[in-house]
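Below you'll find the structure, written out as structure tokens, and then a few comments.
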Amino acid sequence: MRIAITGTPGVGKTTVSKVLGNKFGIKVIDITEAVKKHKLYTEKDEEMDSYVIDFEKLENFIKEIEEKEKVIILDGHVSHLLNPDYTIVLRCNPEIIKERLEKRGYKPKKVLENIQAEILDVCLCESKGKIYEIDTTGRDVEDIVSEIIEAIKNKKERKGIVDWTEKYFDYLTLEIR
Ligand SMILES: Nc1ncnc2c1ncn2[C@@H]1O[C@H](COP(=O)(O)OP(=O)(O)OP(=O)(O)O)[C@@H](O)[C@H]1O
């Protein structure tokens, strides 16, 4: 079984995945790390400091792990595209994401691109199948993980719980230079 923990960069996927994985001894695959370490990409986008993922190689990499692991957590902002059985979409107030990504030293263009993706529900819109959306704004990780466990146990589905467009529309009018 593949559980995808997806959402805009900076929303808290890795933090949540680690706690969830540790609680149940479930293997967590950090997609970004795996792509870099095992060269599961076709090229590197120097300007955006990101990799163009080779999804066929990545799928084969995951399949190999699945030979040994019944349940895996796919941690990454493209995990919802990796044929998950259940997708947890984490959401967070764009201002908080902005602070986190700036603290990480992301270039303004990359910060704005990710804020706009959060406002436009990109990960949620791309997700298919069983989806459970959680607003993590202002919540501690244990609380978020408890809700995820509850959702998985009861096969809960939920989406469309946040709408950042009204309050943060101005970010959408800014140009990504
Ligand atoms: N629930 C939370 N409360 C407070 N801080 C959090 C919470 N979740 C994550 N953070 C903090 O936010 C930052 C980003 O978290 P994390 O790296 O887990 O995000 P991510 O979605 O995995 O990002 P990326 O996709 O870029 O790897 C970290 O500094 C982390 O400590």
Side-chain angles (χ1 to χ4, degrees), residues 2-24 26-41 44-55 58 61-62 65 72-84 86-127 131-152 158-159 161-162 164 168 171 176:
R2 293 183 186 185
I3 301 171
I5 306 286
T6 191
T8 309
V11 78
K13 298 180 296 300
T14 300
T15 305
V16 163
S17 297
K18 278 187 180 148
V19 172
L20 184 62
N22 288 341
K23 260 188 197 308
F24 292 94
I26 299 174
K27 182 159 181 71
V28 177
I29 301 175
D30 180 323
I31 301 299
T32 306
E33 286 313 309
V35 165
K36 267 187 224 165
K37 186 174 170 199
H38 302 282
K39 298 196 177 349
L40 308 174
Y41 56 84
K44 181 169 184 193
D45 177 340
E46 294 301 339
E47 198 206 353
M48 294 305 275
D49 186 26
S50 60
Y51 293 84
V52 179
I53 295 173
D54 181 326
F55 280 91
L58 179 53
F61 172 79
I62 295 169
I65 293 172
I72 55 172
I73 292 170
L74 302 173
D75 159 25
H77 67 283
V78 297
S79 60
H80 57 281
L81 303 175
L82 300 172
N83 312 302
Y86 196 68
T87 300
I88 304 286
V89 181
L90 302 184
R91 307 301 302 269
C92 187
N93 181 303
E95 296 285 0
I96 295 175
I97 291 180
K98 179 173 182 285
E99 274 166 36
R100 290 174 180 175
L101 298 184
E102 284 171 345
K103 217 156 97 183
R104 247 190 222 172
Y106 275 19
K107 293 176 190 149
K109 177 179 175 184
K110 197 167 174 181
V111 173
L112 180 59
E113 189 180 69
N114 283 308
I115 295 170
Q116 291 180 343
E118 176 61 18
I119 295 167
L120 293 169
D121 303 345
V122 170
C123 286
L124 180 71
C125 296
E126 289 177 349
S127 295
I131 297 163
Y132 188 79
E133 187 185 22
I134 300 185
D135 183 359
T136 67
T137 306
R139 297 173 64 183
D140 70 44
V141 192
E142 288 299 333
D143 176 40
I144 296 163
V145 170
S146 304
E147 184 174 339
I148 290 173
I149 294 164
E150 175 73 17
I152 294 172
R158 181 175 76 174
K159 62 181 186 178
I161 63 163
V162 292
W164 306 122
Y168 298 105
Y171 277 115
I176 296 180

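All values derive from a computational prediction rather than experimental measurement. As the structure lists them, so they are numbered: ligands from 1, and atoms in each ligand from 1.
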Worksheet entry | Candidate with minimal heavy-atom separation from atom 7 (C) of ligand 1, of R100, E142, R139, E99 |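 Nearest option to atom 7 (C) of ligand 1, by heavy atoms: R100.
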
Worksheet entry | V16, T14, N114: member with heavy atom nearest to atom 22 (O) of ligand 1 | T14

Item to complete: Classify the side-chain pair E95/Y168 by whether it contains a donor and acceptor separated by less than 3.5 Å.
Response: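 No pair is found: no donor N or O on one side chain lies under 3.5 Å from an acceptor on the other.
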
Worksheet item: Are the charged groups of K13 and D30 less than 4.0 angstrom apart, N to O?
Response: no

Item to complete: May I ask you to say whether K107 pairs ionically with E113, meaning some side-chain N is under 4.0 Å from a carboxylate O?
Response: no

Discussion item. Check this for me: K44, atom NZ, are more than 12 non-hydrogen atoms of other residues, nucleotides or ligands nearer than 6.0 Å?
Written reply: yes

Does the N or O separation between [X] and ligand 1 drop below 3.5 Å for any pair?
{"X": "P9", "answer": "no"}
{"X": "I144", "answer": "no"}
{"X": "K13", "answer": "yes"}
{"X": "T15", "answer": "yes"}

Worksheet entry | Sub-4.0 Å protein heavy atom near atom 28 (C) of ligand 1 | no

Worksheet item: Between the main-chain N or O of E118 and the side-chain N or O of R91, is there a donor-acceptor pair closer than 3.5 Å?
Response: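 Side chain of R91 to backbone of E118: a pair is present.
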
Discussion item. Tell me whether S79 contacts the main-chain N or O of I5 through its side chain, where contact means a donor paired with an acceptor under 3.5 Å.
Written reply: yes

Response to the item:
Rounded to the nearest 0.5 angstrom, the CD1-CD1 distance for I62 and I31 is 4.5 Å

Fill in: ligand 1 contact by G10, heavy-atom criterion under 4.0 angstrom
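The answer is yes: ligand 1 sits under 4.0 Å from a heavy atom of G10.
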
Item to complete: For V11 and ligand 1, answer yes if some heavy atom of the residue is under 4.0 Å from a ligand atom, otherwise no.
Response: yes

Practice prompt. Could you tell me which atoms of ligand 1, counted from 1 in the order shown, lie closer than 4.0 angstrom to a heavy atom of G12?
Written response: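 Once the distances to G12 are compared, the set is 8 (N), 9 (C), 15 (O), 16 (P), 18 (O), 19 (O), 20 (P), 21 (O).
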
Worksheet, complete the sentence: V141 heavy atoms within 4.0 Å reach ligand 1 at atoms 1 (N)

Worksheet entry | Protein contact to atom 24 (P) of ligand 1 [nearest heavy atom, distance to 0.1 Å] | R104 NH2, 3.6 Å

Item to complete: State, yes or no, whether a side-chain contact exists between T6 and E126 at a heavy-atom distance under 4.5 Å.
Response: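 Answer no - side chains too far apart.
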
